[in-house]
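Okay, so here's the structure we're looking at.
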Protein chains: 2
Amino acid sequence: MAGRAVVPEVIWARPERAGRGPKAAYSRADIAEAGVRIADAQGLDAVSMRHVAAELGCGTMSLYNYVPRKEDLHELMVDAISGEHELWEPSGDWRADMVRVAHQTRALMVRHPWLPRLMSPVYGFSPNALRYLEHCLTCLDPFDGTYGTKFELIAMLNGMVTTYVGNELATAERVRSLPWSEERENAVRGAYLGGQVAGGGYPRLAAAFVEDSGPIDLEGVFERMVLRVLGGF
Amino acid sequence: MAGRAVVPEVIWARPERAGRGPKAAYSRADIAEAGVRIADAQGLDAVSMRHVAAELGCGTMSLYNYVPRKEDLHELMVDAISGEHELWEPSGDWRADMVRVAHQTRALMVRHPWLPRLMSPVYGFSPNALRYLEHCLTCLDPFDGTYGTKFELIAMLNGMVTTYVGNELATAERVRSLPWSEERENAVRGAYLGGQVAGGGYPRLAAAFVEDSGPIDLEGVFERMVLRVLGGF
DNA sequence: TCGTAGTTACGTACAGCGTACGTAGTGCGC
DNA sequence: GCGCACTACGTACGCTGTACGTAACTACGA
């Protein structure tokens, strides 16, 4: 009957369990894992409070004892995945180390394709995110610059990787979910584009389509983009 | 009674109106404007099919005659906003022009804060997006490289701007929607972070907080990031 | 030791969502 | 002028997040 407590904005600032009352049946790790399991298997949209609660084996509303809002559930999931980052002994070559960080992040996102959609700077202070940040800073020890600059570097690299892999995955997903063949889709798009471009209003686009040859080397593009970001520092 | 037609995946490949039947009461532009109006005034989450239909003054399901899926409504909105890009005569200095493009895109996103959330490479072939692309390519005429490289440059710059402004806006929105003061929020976050960092597990993060001084110059950071992206080419 | 306060657990309920489907009305092309 | 393709739109379904009330449980202050 008594009013429910107003919760802190950040879930990490809440104690995981209180002293009074029945023992909590699940840990945050349990809940995060349940969410991750569902997202991996059925996609992010399948991660509903009902679904996660069912996966845990409890009633829907019981979940709200652990996670005040769905957004916090997402935050738990991102943190859990952040824990999958492998943290190695820095090599002394910060560029090489940051390239490795980028590739690892990309691999993480390919393994958990829902991750780019949840990436947000707001989630930047979860326990595992802090560990990851500290690791990046450690790799950047040889880098000559302020911490402010180092943070800018990390943010740019992360942002670029997230955007790139997000696009990569969205495109792949789009192709996979087509109710018709990829060839037909490409034909429709190509016809539309061709029609637009043929109008003569876009001479450079027209030239670009003529120049275009063969499938895009996604790996190569990614590698180049990483190097370009790092090249700016 | 007869089965409804299977629609093409891309809305731009559909003719806007057909010859038969009653005159269509609204144009795509009308619909896009209605969506934009709602999004600007009440946020992206308020843009529901029901809401947009009401704004137009028609029944909910009538909207589906124009827009087969909500995703397509979003695409119309993005295209409408893309039309707000000012297209100027290139200066001959591609770097300067691309810096201008970046600033303009940022301004666009500040004016329509829901835009970053809808940005997707999948929407990249709408009429106004094509115009914008052609304009960027025109600015890049003095750039020595293939169209493939030019596309990579545009994609990186756009991605970086979208990510950056998205973060900027999300942070601002978070602060605005707090049920308590920003100071209290910062205090809670600071206390949590301080506690974590004080544990000694994150020496570099601890050092960074000591170094940290004063509020961040968002303009300056943005400008630096743009120049760094362009510097990679 | 015992009340009681703070928790956990969870069913019910509500408002909102996207959209499938059926039906009625309208006007162009044959 | 017939018929078909299109517009218009009400109803309905299954889903969502979550507010709220209630019952069971346990650690702490008296």
Side-chain angles (χ1 to χ4, degrees), chain A residues 1-8 11 14-28 30-31 34-35 38-39 42-77 117-118 177 179, chain B residues 1-8 11 14-28 30-31 34-35 38-39 42-77 117-118 177 179:
Chain A
M1 176 62 94
R4 277 138 210 261
V6 173
V7 302
I11 194 172
R14 309 178 86 192
E16 179 146 13
R17 51 166 66 205
R20 297 274 242 276
K23 298 289 182 189
Y26 313 101
S27 69
R28 278 184 189 159
D30 294 333
I31 295 168
I38 294 174
Q42 302 167 250
L44 185 57
D45 292 335
V47 178
S48 68
M49 297 300 274
R50 278 169 240 262
H51 223 119
V52 172
E55 175 84 15
L56 279 170
C58 72
T60 304
M61 295 315 290
S62 305
L63 198 50
Y64 281 89
N65 285 320
Y66 302 88
V67 167
R69 293 160 312 168
K70 196 191 178 183
E71 191 185 325
D72 293 309
L73 171 61
H74 287 161
E75 198 155 338
L76 288 186
M77 291 166 62
R117 273 177 60 187
L118 288 190
S177 73
Chain B
M1 175 60 95
R4 277 139 209 262
V6 172
V7 302
I11 194 172
R14 306 179 88 195
E16 178 148 8
R17 51 165 65 202
R20 297 277 241 277
K23 298 288 181 189
Y26 314 101
S27 69
R28 277 184 190 158
D30 293 334
I31 295 168
I38 294 174
Q42 301 167 251
L44 185 57
D45 292 335
V47 178
S48 67
M49 296 301 274
R50 278 168 240 262
H51 221 121
V52 172
E55 176 83 14
L56 278 172
C58 70
T60 305
M61 294 314 291
S62 306
L63 198 50
Y64 281 91
N65 284 319
Y66 301 89
V67 168
R69 295 161 310 167
K70 194 191 180 183
E71 191 185 323
D72 293 308
L73 171 62
H74 286 161
E75 199 155 337
L76 288 186
M77 291 168 62
R117 270 177 61 190
L118 288 190
S177 73

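These numbers come from the heavy atoms of this one structure, side chains and all, not from hydrogens, waters or symmetry mates. Because the structure is predicted, anything quoted here is derived from the model rather than measured. First the proteins, then the strands, lettered A, B, ... as listed; each starts at 1.
Rounded to whole Å, the distance from OH on Y64(A) to P on dG11(C) is 15 Å. One atom, OH of Y66(A), and another, P of dT7(C), lie 14 Å apart when rounded to the nearest Å. Straight-line distance from the NZ atom of K70(B) to the C1' atom of dC15(D): 14 Å, rounded to whole Å. The separation between D45(A) atom CG and dG17(D) atom P is 10 Å, rounded to whole Å. Atom CE of M49(B) is separated from atom P of dA20(C) by 10 Å (rounded to the nearest Å). As a whole-Å value, the separation of L63(A) CG from dT16(D) P is 13 Å. Counting to the nearest Å, the P atom of dC17(C) and the CD atom of E71(B) are 19 Å from each other. Taking atom CG of L73(B) as the reference point, atom C1' of dC17(C) lies 14 Å away to the nearest angstrom.
No hydrogens or angles were tested; on distance alone, a donor-acceptor pair under 3.5 Å links the side chain of R50(B) to the base of dG18(C).
Close to dT16(D), at under 4.0 Å from its OP1 or OP2, lies a side-chain N or O of S48(A). When the side-chain nitrogen and oxygen atoms of K23(B) are compared with OP1 and OP2 of dC6(D), none of them lie within a distance under 4.0 Å. OP1 or OP2 of dC9(D) has at least one side-chain nitrogen or oxygen of S62(B) nearer than 4.0 Å.
You'll find that the side chain of N65(B) is closest to dA8(D), out of dT16(D), dG6(C), dA8(D). Comparing dT16(D), dC20(D), dC21(C) by their nearest atom to the side chain of M61(A) picks out dC20(D).
Rounding to the nearest 0.5 Å gives a distance of 8.0 Å between CZ of R69(B) and CD of E75(B). We find the NE2-CD1 distance between H51(B) and I38(B) to be 5.0 Å, quoted to the nearest 0.5 Å.
Closest approach of V67(B) to M49(B), counting heavy atoms only: O-CE, 4.2 Å. Annotation for A34(B) and E55(B): closest pair CB-CG, 3.7 Å, computed over non-hydrogen atoms.
Using a 4.0 Å cut-off between charged nitrogen and carboxylate oxygen, D45(A) and R117(A) count as a salt-bridge pair.
A53(A) comes within 4.0 angstrom of nothing in the nucleic acid, heavy atoms only.
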